[in-house]
Amino acid sequence: MEDTEDKQKTFMGKEYTLGKDGRKIIFLTKDEFLPFMKRLKESGFSHLSLITGVDRRDYIEVVYHLHSISTNEIVVIKVKTKDSRVPSVTSLWSSADWDEREQYDMMGIIFEGHPNLKRILLPEGWIGHPLRKNYDMDTPQYVNMDEDGEDYVTFDSGDGW
Amino acid sequence: MAQVTKTGELGIVTTKLDEAMKWGRSNSLWPLTFGLACCAIEMMAVQASHADVSRFGSEIFRASPRQADLMIVAGTVTKKMAPRVRRLYDEMPYPKYVIAMGACVIQGGPYARGYSVVLGVDRVIPVDVYVPGCPPTPEALQFGLITLQKKIRGETNR
């Protein structure tokens, strides 16, 4: 990112850097995050393409790709969080619902204000978040179904698969 | 010409009931409509016109496990899916057969060191025929089906 410092410009009052693919990358703090996202939504970024998380060990970076269908422009919003909590954007884009659930499932990011923040891919009882750097890969977990058809997670390889 | 008098001109063949059952079962293996990942695309190709598995009596992919004889496990079996695979297998009536299709189903494939994939569907259900490949070609799956038919008839595969 050092080489892009000299050509810094502003987009809607925020400084941005250009990524390798020419997309604007805007770093936001947690406080200014939700008001700025609201402004973006109002200025035409109607499509939330994806939400991802990056585990930087010291902190977690949450990445939002926003697409404006009218101008065919994509901006990348990055938020750093040390306590793995960020505000939910489900109030702005309802498509954020499952994206945020996936990031909660895989990265353990807690989206404050999400209406139904529970695991979307793994069974409810799974221990840990697999895409975290500190996830324990050496102790496999197994899944089985009880008589009511509910999944449960076990460490006993004889009880599940 | 003893054989001519036995079969006659009426087209009658005498055989053991056991052999007739095996012949009938092996030539009407109705698979379960059931695909888990990319191997299922090749399984669909087997059912479509070019490979056309109906020539071997397996044309009807049943939508219910209670009407199926054969389960083609086509695609990665995740740990979350494994109890469902087991339940589907348990719901099938006897005699029932299983073909494990593809590297993931046989031993985990490229996900063998991951956290979420069952390392071989034979840990979940008993497997009759393994079809290796990533994914296996439709021809390979056809060969697996023919191998299973031979297995049902008690023939050796030469």
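None of these values were measured; they are calculated from a predicted model. Quick note on labels: first sequence line is chain A, next is B, and so on, each numbered from 1. For the numbers below, each heavy atom of this structure counts, side chains included, while hydrogens, waters and symmetry mates do not.
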**Asked** Going only through I, L, V, M, F, W and Y residues with side-chain contacts under 4.5 Å, is there a path from B:L70 to B:V121?
**Response** no
**Prompt:** Is there a path from B:I60 to B:L32 through hydrophobic residues (I, L, V, M, F, W, Y) whose side chains come within less than 4.5 Å of each other?
**Reply:** no
**Complete:** Rounded to the nearest 0.5 angstrom, the OH-CZ distance for A:Y142 and B:R123 is 7.0 Å
**Prompt:** Does A:M107 belong to the same Ile/Leu/Val/Met/Phe/Trp/Tyr cluster as A:F111, with side-chain heavy atoms less than 4.5 Å apart forming each link?
**Reply:** yes
**Asked** Among B:R113, B:R86, B:R84, which has the most heavy-atom pairs under 4.5 Å with chain A?
**Response** B:R84
**Asked** So do A:Q141 and B:Y115 actually touch side chain to side chain, heavy atoms under 4.5 Å?
**Response** no
**Prompt:** Considering only heavy atoms, which portion of A:L122 lies under 4.5 Å from any heavy atom of chain B: side chain, backbone, both, or neither?
**Reply:** both
**Prompt:** With the 4.5 Å side-chain cut-off for hydrophobic clustering, are A:L40 and A:I51 part of the same group?
**Reply:** yes
**Asked** chain B: which of A:V153, A:N144, A:V143 shares the most heavy-atom pairs with it under 4.5 Å?
**Response** A:V143
**Request:** Indicate the atoms forming the closest heavy-atom contact of A:M137 with B:G114, along with that distance.
**Result:** CE-C, 4.0 Å
**Item:** Same apolar cluster (I L V M F W Y, side chains within < 4.5 Å links), B:M92/B:V73
**Value:** yes
**Item:** Which atom of A:P140 lies closest to which atom of B:K79, heavy atoms considered
**Value:** CB-NZ, 4.2 Å
**Item:** Closest-packed option against chain A by number of heavy-atom pairs under 4.5 Å, given B:V118, B:V124, B:T78
**Value:** B:V124
